[in-house]
Amino acid sequence: MTVLRWRPAAPTDVDALAELFGACEQSDPVGLDLELDQLRARLAMPGLDLARDTLVAEDAGRIVAYGETADMGTGPGVLRIRLTNVVDKSARDQATRRLHDWLIERASQLRKEREPDLPAMLGTRCGAGDPERLQLLTEAGFSVVRWKWTLVRDLNAPVPATPAPAGIELVPFDQRYDEQTLLAHNEAYADDQTAMIPDGESWPSHATGLPTFLPDASVLALAPDEPDGNPVIGFLFTLDHVDVDVDGRPAVLLHCLGTRPSWRRRGLASAMIGNALSACRAAGHHRAELHVGGDNEEAVRLYTRLGFADTGRGHAILTCPLPTDR
Ligand SMILES: CC(C)(COP(=O)(O)OP(=O)(O)OC[C@H]1O[C@@H](n2cnc3c(N)ncnc32)[C@H](O)[C@@H]1OP(=O)(O)O)[C@@H](O)C(=O)NCCC(=O)NCCS
């Protein structure tokens with residue numbers, strides 16, 4: 001067994017981290033950033049002190065583990081801290097527990113520094129293929145808030161033609177509707193406690209500003225006469241899923257789908273998915289993936305009806321209160 005060398009991460013680690021994250025996503029996906037730009041932005045995140053909030057382990061010069069505590073802001077009476085624990089399969093025995101202990105210790109320091117009068121809520125993700133870490137987290141007091149599962153669909157299977165509701169136009173993503181799409185997104189996801197609710201600044205990095213964003217395979221549903229003046233009533237964002245190319249056959253990720261509440265159960269999401277899948281197939285993609293919450297029964301039924309199948313791959317989102325006396 002080699003001895004791992006531990007040190008804080010540095011901005012120059014971006015390539016090595018992309019390699020580590022890519023390998024981990026291949027074997028046990030939890031939705032890590034994979035693009036170099038995303039990783040650069042992650043390491044430069046405001047408020048992240050690389051020297052104190054990150055830890056990497058090297059094995060003969062290769063990064064095999066990455067840990068990070070991130071202040072995700074103050075919710076109602078609680079400081080939210082995200083813990084990232086990414087370990088190459090080969091180093092799990094040596095690195096997972098050490099990183100876990102360091103993350104809890106660092107999170108407790110972070111709470112004292114940032115919000116000494118508030119309790120903290122710790123949040124983390126764990127792949128379904130890592131039962132040992134899942135057990136470690138459960139024993140440490142974490143509980144699963146939600147499972148997210150990966151569904152897949154072969155694009156060569158016929159795509160069902162679902163018409164959009166009468167009077168609704170489906171168009172490829174159009175930058176002119178960007179601001180209105182953000183409003184529609186936040187309305188669609190308002191009731192989802194674990195969803196990201198972006199503001200104007202973070203919106204581009206959610207989907208539409210990512211280098212992998214595929215505007216022509218993404219869909220906006222427009223209703224010209226919406227009473228609130230926002231014509232965007234539904235959206236579907238598609239990303240190039242470079243990490244899951246199979247035999248050189250490119251895949252896509254249906255990354256984010258929503259219908260504003262007053263337009264639901266009229267076939268809009270089915271029509272947007274049908275439209276996007278046809279565009280993906282026409283562009284030469286062979287396979288579509290998506291992630292869905294196990295408790296989102298409406299969405300799971302919808303995807304299953306449209307030919308998506310469970311892969312058995314997925315991840316849990318877990319939280320744990322960190323009391324003020326820690
Ligand atoms: C999940 C979501 C996108 C579905 O959008 P939608 O536009 O209501 O979807 P559809 O209308 O195509 O299908 C929903 C149901 O309505 C039914 N339906 C379709 N047309 C209908 C009609 N004219 N009359 C009655 N029901 C109808 C569909 O058969 C489907 O039923 P099912 O439960 O048997 O699958 C929407 O609920 C949403 O935005 N949720 C919040 C965000 C979210 O969870 N996104 C998915 C993340 S993975």
Side-chain angles (χ1 to χ4, degrees), residues 29-31 125 128 144-153 158-171 173 177 180-198 203 206-208 210 212-214 217-223 226 228 230-239 241 244 251-280 287-317:
V30 296
R125 295 179 184 192
V144 174
V145 181
R146 159 181 284 191
W147 277 97
K148 281 238 171 193
W149 296 108
T150 302
L151 308 188
V152 67
R153 189 185 195 283
V159 174
T162 315
I168 304 306
E169 197 188 357
L170 299 189
V171 297
F173 177 76
Y177 294 105
Q180 289 144 317
T181 309
L182 165 60
L183 295 175
H185 173 278
N186 289 355
E187 194 182 319
Y189 278 91
D191 292 335
D192 184 338
Q193 301 302 319
T194 60
M196 156 111 171
I197 303 293
W203 174 240
H206 182 57
T208 52
L210 294 176
T212 49
F213 181 58
L214 297 173
S218 300
V219 182
L220 295 182
L222 303 176
E226 271 300 274
D228 66 357
N230 181 1
V232 180
I233 57 165
F235 53 88
L236 170 55
F237 301 143
T238 306
L239 304 181
H241 205 14
V244 292
V252 290
L253 179 69
L254 302 191
H255 167 66
C256 185
L257 164 76
T259 298
R260 283 169 65 188
S262 60
W263 282 91
R264 287 184 188 162
R265 301 196 67 81
R266 301 194 210 181
L268 190 58
S270 310
M272 290 193 291
I273 294 171
N275 194 291
L277 294 181
S278 298
C280 293
R287 173 188 160 102
E289 279 200 12
L290 57 83
H291 308 297
V292 61
D295 55 352
N296 194 346
E297 290 169 20
E298 177 98 13
V300 171
R301 259 199 323 270
L302 173 72
Y303 297 138
T304 309
R305 188 162 44 75
L306 296 178
F308 283 85
D310 192 359
T311 58
R313 283 151 51 102
H315 67 267
I317 296 169

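Atoms within a ligand are numbered from 1 in the order they appear, just like the ligands themselves.
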Exercise for the section: Using heavy-atom distances, let me know which of R301, E187, E298, H255 sits nearest atom 14 (C) of ligand 1. Expected result: E298
Problem - Protein contact to atom 39 (O) of ligand 1 [nearest heavy atom, distance to 0.1 Å] - result: T259 N, 2.9 Å
Exercise for the section: Would you confirm whether N186, through its side chain, and I197, through its main-chain N or O, come within 3.5 Å as a donor-acceptor pair? Expected result: no
Practice task
Please check atom 2 (C) of ligand 1 for a protein heavy-atom neighbour under 4.0 Å.
Solution key: no
Exercise for the section: Work out which heavy atom in W149 is nearest to a heavy atom in G314; give both atom names and the distance. Expected result: CE3-CA, 3.7 Å
Problem - Test of proximity, A299 against ligand 1: N or O pairs below 3.5 Å - result: no
Handout entry: Min N/O separation L257 to ligand 1 under 3.5 Å
Key = yes
Practice task
Report yes if A188 has an N/O atom closer than 3.5 Å to an N/O atom of ligand 1; otherwise report no.
Solution key: no
Fill in the blank from the handout: One finds that the ligand 1 atoms under 4.0 Å from a non-hydrogen atom of H291 are 48 (S)
Exercise for the section: Keeping the roles fixed (side chain from R146, backbone from N296), state whether a donor-acceptor pair exists under 3.5 Å. Expected result: no
Completion exercise
Given the options H255, H206, H185, F235 meets ring-ring contact (aromatic ring centres under 6.0 Å, His included) only with H185
Completion exercise
Per-atom filter on ligand 1: closer than 4.0 angstrom to a heavy atom of N296 are 43 (C), 44 (O), 46 (C), 47 (C)
Fill in the blank from the handout: among protein heavy atoms, the one nearest atom 47 (C) of ligand 1 is Y189 OH, 3.5 Å
Practice task
Nearest 0.5 Å please: distance from the CD1 atom of I168 over to the CD1 atom of I233.
Solution key: 3.5 Å
Exercise for the section: Report yes if the distance between the aromatic ring centroids of F237 and W203 is under 6.0 Å, otherwise no. Expected result: yes
Handout entry: Non-hydrogen atoms of L277 and A288 that approach each other most closely
Key = CD2-CB, 4.1 Å
Exercise for the section: Report yes if some heavy atom in the side chain of T181 is under 4.5 Å from a heavy atom in the side chain of T208; otherwise report no. Expected result: no
Practice task
Among all protein heavy atoms, pick out the one at the shortest distance from atom 12 (O) of ligand 1; state its residue, atom name and that distance to 0.1 Å.
Solution key: S270 OG, 2.5 Å
Handout entry: R125 side-chain N/O to V30 backbone N/O, donor-acceptor pair under 3.5 Å
Key = yes
Handout entry: Closest protein heavy atom to atom 16 (O) of ligand 1, given as residue, atom name and distance to 0.1 Å
Key = R265 CA, 3.3 Å
Practice task
Taking all non-hydrogen atoms of both residues into account, name the closest pair between A279 and A217 and its distance.
Solution key: CB-CA, 4.1 Å
Practice task
Taking T259 for its side chain and L268 for its backbone only, find out whether a donor-acceptor pair lies under 3.5 Å.
Solution key: no
Fill in the blank from the handout: among protein heavy atoms, the one nearest atom 4 (C) of ligand 1 is A269 CB, 3.8 Å
Problem - Nearest protein heavy atom with distance in Å, relative to atom 36 (C) of ligand 1 - result: R264 NE, 3.5 Å
Fill in the blank from the handout: For G258, the ligand 1 atoms with a heavy-atom partner under 4.0 Å come out as 39 (O)
Completion exercise
So for Y303 against ligand 1, with non-hydrogen atoms under 4.0 Å, the contacting part is side chain
Fill in the blank from the handout: atom 13 (O) of ligand 1: closest protein heavy atom, distance to 0.1 Å, is L302 CD1, 3.6 Å
Exercise for the section: Identify the protein heavy atom lying closest to atom 28 (C) of ligand 1, giving its residue, its atom name and the separation to 0.1 Å. Expected result: R305 NH2, 3.4 Å
